[in-house]
Amino acid sequence: MTDTPSAAAPPLPDLPRDNTQDGPAVRLYLVDGSGFIFRAFHALPPLTRKSDGLPIGAVSGFCNMLWKLLVDMKAQTDAPTHLAVVFDHSEKTFRNKLYDKYKAHRPPPPEDLIPQFPLVREATLAFGVPSLELPGYEADDIIAAYACKVRDMGGEVRIVSSDKDLMQLVGDRVSMLDTMKNLLIGPEQVMEKFGVAPNRVVDVQSLCGDSVDNVPGAPGIGIKTAALLINEYGDLDTLLARAGEIKQDKRRQTLIDFADQIRLSRQLVQLDCDTPLPSPIDDLKVADPTAEVLAAFLEEMGLHTLGRRVASGGGGTRAPAAPATAAPRPVTATDHGPVDVTKYVCVRDIETLDAWIAKAHRAGVIAFDTETDSLSSANAGLCGVSLAVAPGEACYIPVGHEHEGGLAFDAPADLTQITHNEVIARLKPLLEDPSVLKVAQNAKYDIAVLSRQGINVSPIEDTMLISYVLEAGLHKSHGMDELSKRWLGHEPIPFKQVAGTGKAQKSFKHVPLEPATCYAAEDADVTLRLYLLLRPRLNTEGLLTVYETLERPMPAVLAQMEIEGIRIDPDQLARLSHDFSVRMTELEAQAYELAGRPFNLGSPKQIGEVLYQEMGLASKKTTATGAQGTDASILEDLAAAGHELPRVLLDWRQLSKLKGTYTDNLAAAISPRTNRVHTSYALGATTTGRLSSSDPNLQNIPVRTEEGRKIRKAFIAEPGHVLISADYSQIELRLLAHVGDIPQLKKAFLEGQDIHAATASEMFGVPIEGMPAETRRRAKAINFGIVYGISAFGLANQLSIPQDEAGAYIKTYFERFPGIRTYMDRTKQGARAQGFVTTIFGRKVNIPAVYSKSQAERAFGDRAAINAPLQGAAADIIRRAMIRMPAALKESGLKARMLLQVHDELVFEAPEAEADALINVAKRVMEHAAEPVVALSVPLVVDARAAKNWDDAH
DNA sequence: TGCGTCACG
DNA sequence: GACGTACGTGACGCAA
């Protein structure tokens, strides 16, 4: 702990002095950025960006304040030489360790403010001002550390803030500036406020406490009394030591009884001058903003007025040259020169590594990539990390490369590397530094790998997701190789080329350092180039909010879910597998008997031969290639016509599917390390915004049949825990009711009716009470069909009714719900006019099929266009819930973990005692996930249940 | 590797 | 009235 400023220390001997001017060499302005954000937010009306509704009130207020400050600064005779904006970092601080209630009853920041935090940091950098923050520290501590340091060097400090907690720093050479009230605060003003000199402010605050920050202080003692006591006894320690001398009974007793609490309060209010400096003071020198960068940022935010003022140099400041109205020239693929893999550096000693880390800090934006020995992040070991600090300037840091097993007859290559632990220790501060933006391609993978090394990468951006937001539906993949070819015209080295292919493929740790460096560093280089190229488009194309709110937070959430995994009972699966085998053998024998010969029941081709040629049954449908189909619906029809073999085949197929896809392979997927199964969720893989799950796919675990549900029962909770499944009820139909604005559907949902029965009642004019099950079933099929872009053929097929009957249903449906036809027509028209549709959250789904020459493909496009805004909005909503869930669980003090997502369902694992609390939290977060950006006209309803296994929880 | 089939929402 | 169909996924086994 450092004392408050008192006697000025002599200037340090090595202080660089500027001989061309009088006064101290360093005149540092420190702006309390966090304080400013909140004040700007609350002082200004809610302002949103015109293009897409992104809230930017605080950003706007902050920019105006900063610009005014810069202008005023320059006009002064004693203009500052150094300047920085300081921010709180969202993590807990050392004060929470001292006192868990510190700032505890602060509400979370308003929803509209959250997306503005990163933007304000961007704004700071756009103005050419360094932005400082440090995990585990409050802005006030960082300000204190710089203030003490500069003061002790003989420099001057001005703190731009109105936070009274900073007044303890005021002294001869440290002052405060409240720009809101335009007040300069020196020792005199502090004296007025606290009744004591600045160096005793902490003592007063310790006594009177602070209800806003939850600093307890001494009960019943306010500023006046505190100042009186301190002035009488000199300082807090003396006061506490001599508390027995106080004349007033009550006051004396309070000070004696609460001495410990007062000392704790002092620790809470005392700012820590020993806080490490995030940047050297030299790096905070005042510099003019780059005109283009600043103009582009203000343009991006839609802050045209300030943009014009900045462009005209308002207030006598040297004006940035570019007019704010002229958009900066977009970066093009060739701006950064060709990719040259021979220029990359292999980092093998600490000095070189430190030099790259320093470059990375200066760059502020870097790309990185991790190389591992496995494809699944859950088990991947780290082989190396590559960094790109500028286009064409990249390195690879190997950590675990070794010779491949066996005797080397040639002299083995030199594999000197920095040790694993040293690399991790050096990289951790960089990768966790809030002021260095890390760009990755498919960030989820790198987050998971590094999280196992104890590194929490942040802040992070993902070029795959940027591409996905911009061009979902236009490309099969948003993988790096494709992006590189598409945007940079450069084909990266194929993995196969460095690691070999097939059985001979080696682990990356066995790849020699030179090719490994070319391959790995190239990935980082390409990623950085892609970022510089694609990221500006988010803005110009109005997709920044989608990226920031629906995509960018996902990798960290999913990485955590994948790491958690889920427990599966292998014995249960083994029993099922055996049971299925026995029954399949019986069915095979029956099938051979019925066919009159043995054949492969798993071969559709052989089934066709047996059924259609040898047994002479009529084949109903042909497949895409003209072969006679044997799928379930055909076999069902044949079985219904009285044939025995199709039934046997159907039964065998079901068991074969369950055994082959689930019982055998799920058990094999259990990680020996964790005893759990870890799926991999793909982002940027679907056209609509849904996730997909693979290796193994846990989004298609059987549920519809009795046999299948036995597999689901093998998904179990740990002892003392339960699984909780929470799923949205009819979310796509609810969205249809909202988006299509269908009064009857909205009414039915608002009244909590059975939606399919209500639909049937509306269509056929029958009461819901006593409705035949078949009537409801047909309405249900129609409701599903609508969401899919209905056709008479499809509905007829689904319900096994003639096509004209299905057509009549659809006609009736549209007559009863004319709004739905309007919605469908409007959506198709929009899709054909623009080539894409959007969800209510702004996600863009491209549908190139609407431009096809083929009528069939265009019809396909129409149906996809009708479905995408509904399926996509549902995907957006559950994403919003997932993104909020970790904080919601933490806030509620729950140990529960989110394990799985199945499109409209989230699966959690929680201690048994938490089950009810978790259900409450999960329901609340999920049911309100659309808010506040979209106010749905129908309620979202979530059903949740806890049980020992997934089937019973579902 | 492409196809048919089928598990899920 | 054509077109051949429900929307979105991933995994398996067969056949080439």
Look at [X] and [N] and indicate whether a side-chain polar atom (N or O) is within less than 4.0 Å of OP1 or OP2.
X	N	value
A:N700	C:dA11	no
A:R858	C:dC3	no
A:Q606	C:dA15	yes
A:T686	C:dG8	no
A:N867	C:dA6	no
A:T623	B:dG4	yes

> So do the side chains of A:D825 and A:T822 get within less than 4.5 Å of each other, counting heavy atoms only?
Replying inline: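 No, side chains not in contact.
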
> So, A:S692 and A:T686: side-chain donor and acceptor under 3.5 Å apart, yes or no?
Replying inline: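 The answer is no; no qualifying pair exists.
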
>> Between A:Q590 and A:E644, is there a side-chain donor-acceptor contact under 3.5 Å, judged purely by atom types and distance?
In response: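 Not at all, the side chains of A:E644 and A:Q590 share no donor-acceptor pair under 3.5 Å.
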
> Are A:K444 and A:E562 close enough, and set up right, to give a side chain to side chain contact (heavy atoms under 4.5 Å, CB included), and what steps lead you there?
Replying inline: CA-CA 10 Å; A:K444 185 194 58 154; A:E562 292 179 8; 2.5 Å; yes

> In this structure, which one of A:R653, A:E588, A:M584 forms a side-chain contact (heavy atoms from CB on, under 4.5 Å) with A:L601?
Replying inline: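 In the set A:R653, A:E588, A:M584, the residue that makes a side-chain contact (heavy atoms from CB on, under 4.5 Å) with A:L601 is A:E588.
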
Between [N] ([atom2]) and [X] ([atom1]): distance, integer Å:
X	N	atom1	atom2	answer
A:W652	B:dT5	CH2	C1'	11 Å
A:L698	C:dG10	CG	C1'	11 Å
A:L799	C:dA6	CG	P	14 Å

> Which ranges of DNA chain C pair up as stems, where a stem means three or more consecutive Watson-Crick or G-U pairs with both distances under 3.5 Å?
Replying inline: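 Stem list for DNA chain C: B:1-9 with C:7-15.
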
>> Heavy atoms from C-beta onward define the side chain here; which of C:dG10, C:dG8, C:dC7 lies closest to that of A:R690?
In response: C:dG8

>> Measuring from the side chain of A:R863 (C-beta onward, heavy atoms only), which nucleotide among B:dC8, C:dC7, C:dG10 has the closest atom?
In response: C:dC7

>> Counting only heavy atoms from other residues, nucleotides and ligands, does the tally under 6.0 Å from CD of A:E491 exceed 12?
In response: no

>> Using the ring pair (Phe, Tyr, Trp, His ring centres under 6.0 Å) criterion, which residues pair with A:Y813? Sequence neighbours excluded.
In response: A:F817

>> For a quick check, tell me whether the side chain of A:S791 and the base of C:dT5 share a donor-acceptor pair closer than 3.5 Å.
In response: yes

> Under the 3.5 Å rule, do the base of C:dC14 and the side chain of A:K605 count as making a donor-acceptor pair?
Replying inline: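 By the distance-only test, no, there is no pair.
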
> P atom, B:dT5 versus C:dT5: distance in rounded Å?
Replying inline: 13 Å

